[in-house]
Amino acid sequence: MRPYLPFLAALAEHNSKEWMDANKNWYQETRAEFLEDVAVLLKGIGEWEPELLVFKPKDCVFRQNRDIRFSANKMPYKTNFGAYFSPKGKKSEGPGYYLQIQPDNSFMAGGIWMPQAETLKKIRKEIDYSGSELTKIENNADFKSLFGQIEGEKLKTSPRDYEADHEFIEYLRLKSFTVSSKISDRDIESGNFINIALDGFQIMRPLQEFLAQAIEDIEDGSGIL
């Protein structure tokens, strides 16, 4: 049985530095097990994303401390465990695979969330050229069954340089390109979430490849000037 949910539930109830200091050993033991599971995920994703194998599990796991400097929420700690797997690292604008563990709010996700203007422009250009490929990805039976559709905040009108009646206007209006799927508490507790996430990440792989191809010249620094 994985220890994540009891710890995170207690952290959510007692979200303070004093409580965390008093339960430091509990936190460290729970985080150590999470890093072990992240290592398994990292190795699994690395079978089709070998660039990831240069990273250590801690490179993929988010800090527990929250940045509260500019936030109305002054709770000092995140009440979930999160890990992000991207060939360019956690700070990359490129597509990545995300896992969140939180009581009654665990999920896997992937894609690109709110890219910078130049990156978004490249993605839209790829959609303009190859939107039928994105439709094919979204209409895949396994993809549709697990994720439903590609999600993201949308422009109210068509983006600049694209007509409102463009064949792929619904994709072009997106400002993010993400998919997600819930994971049950039972699967978190049993550890079955690892296989569920790896299977889901494989299913979203074509979307990741589409997005990576669209922004490849940005990620390596070429084509910007």
Side-chain angles (χ1 to χ4, degrees), residues 45 48-52 54-55 59-63 65-73 78 80 82-100 107-140 143-144 146-181 200-201 203-225:
I45 303 169
W48 70 85
E49 295 270 17
E51 300 93 335
L52 283 172
V54 303
F55 295 113
D59 299 324
C60 303
V61 172
F62 290 104
R63 289 167 50 88
N65 296 70
R66 295 182 61 253
D67 185 351
I68 61 175
R69 292 173 299 173
F70 310 107
S71 174
N73 179 358
K78 299 171 186 173
N80 62 71
Y84 187 68
F85 308 89
S86 175
K88 301 292 184 179
K90 284 187 295 187
K91 296 183 179 180
S92 167
E93 275 217 294
Y97 305 88
Y98 177 69
L99 172 71
Q100 175 170 300
F107 62 90
M108 62 177 133
I112 294 179
W113 183 78
M114 296 299 287
Q116 296 294 318
E118 188 64 24
T119 303
L120 183 57
K121 181 178 179 181
K122 291 288 184 179
I123 295 172
R124 285 176 174 156
K125 185 176 181 180
E126 187 72 17
I127 292 170
D128 185 31
Y129 290 158
S130 308
S132 58
E133 183 62 27
L134 205 53
T135 300
K136 181 180 177 181
I137 291 168
E138 195 175 56
N139 287 337
N140 173 271
F143 186 99
K144 188 169 287 294
L146 187 59
F147 300 118
Q149 63 183 19
I150 299 166
E151 300 174 335
E153 184 181 344
K154 286 186 175 183
L155 294 171
K156 294 182 179 179
T157 60
S158 58
R160 184 182 301 176
D161 301 326
Y162 298 99
E163 298 294 333
D165 61 353
H166 192 288
E167 182 180 2
F168 306 115
I169 190 60
E170 292 306 312
Y171 293 140
L172 291 168
R173 288 174 57 212
L174 286 167
K175 295 193 283 185
S176 292
F177 302 84
T178 63
V179 293
S180 64
S181 180
F201 292 158
I203 290 171
M204 72 174 72
R205 180 182 172 188
L207 173 62
Q208 308 285 63
E209 291 174 343
F210 180 93
L211 295 170
Q213 177 178 318
I215 67 170
E216 185 176 14
D217 60 340
I218 291 180
E219 287 293 298
D220 66 15
S222 63
I224 296 177
L225 300 180

Next on the checklist: Please enumerate all residues that pass salt bridge (charged side-chain N to carboxylate O under 4.0 Å, His left out) together with Lys154, with sequence neighbours excluded.
Outcome noted: Glu170
Checklist entry - Quick one: ring-ring contact (aromatic ring centres under 6.0 Å, His included) partners of Tyr84, sequence neighbours excluded? => result none
Checklist entry - Can you list the residues that meet the side-chain contact (heavy atoms from CB on, under 4.5 Å) rule with Asp161, with sequence neighbours excluded? => result none
Checklist entry - With no hydrogens and no angle check, is any side-chain donor or acceptor of Ser86 less than 3.5 Å from a backbone partner on Pro95? => result yes
Item to check | Pairing residues for Lys175 by the salt bridge (charged side-chain N to carboxylate O under 4.0 Å, His left out) criterion, not counting sequence neighbours | outcome: Glu153
Item to check | Between OG on residue Ser180 and CH2 on residue Trp113, distance to nearest 0.5 Å | outcome: 13.5 Å
Next on the checklist: To the nearest 0.5 Å, what is the distance between CD1 on Ile123 and CD on Gln213?
Outcome noted: 12.0 Å
Checklist entry - Taking only residues two or more places apart in sequence, or in another chain, which ones meet Pro159 in a side-chain contact (heavy atoms from CB on, under 4.5 Å)? => result Arg124, Leu155, Tyr162, Ile169, Leu172, Arg173
Next on the checklist: Going by the rule side chain to side chain donor-acceptor pair (under 3.5 Å), which residues pair with Gln100 if we only count those two or more places apart in sequence or in a different chain?
Outcome noted: Tyr98, Gln102
Next on the checklist: Quick check on Phe62: does its CZ atom have over 12 non-hydrogen neighbours (other residues, nucleotides or ligands) under 6.0 Å away?
Outcome noted: yes
Checklist entry - Quick check: does any side chain N or O of Ser176 sit under 3.5 Å from a backbone N or O of Met114, one acting as donor and the other as acceptor? => result yes
Next on the checklist: Restricting to side chain to side chain donor-acceptor pair (under 3.5 Å), what partner residues turn up for Asp128, sequence neighbours left out?
Outcome noted: His166
Item to check | All side chain to side chain donor-acceptor pair (under 3.5 Å) counterparts of Tyr171, not counting sequence neighbours | outcome: Glu138
Item to check | Test side-chain contact (heavy atoms from CB on, under 4.5 Å) applied to Lys144 - qualifying residues, sequence neighbours left out | outcome: Asn139
Item to check | Min side-chain heavy-atom separation Pro115-Ile215 under 4.5 Å | outcome: no
Checklist entry - Which residues satisfy the side chain to side chain donor-acceptor pair (under 3.5 Å) test with Asp67, sequence neighbours excluded? => result Arg69
Next on the checklist: I want to check something: taking the side chain as every heavy atom from C-beta on, are Phe168 and Ser132 in contact at a cut-off of under 4.5 Å?
Outcome noted: yes
Item to check | Set of salt bridge (charged side-chain N to carboxylate O under 4.0 Å, His left out) partners for Glu209, sequence neighbours left out | outcome: Arg205
Next on the checklist: Under the rule for side-chain contact (heavy atoms from CB on, under 4.5 Å), what residues qualify as partners of Glu51, not counting sequence neighbours?
Outcome noted: Glu49, Pro87
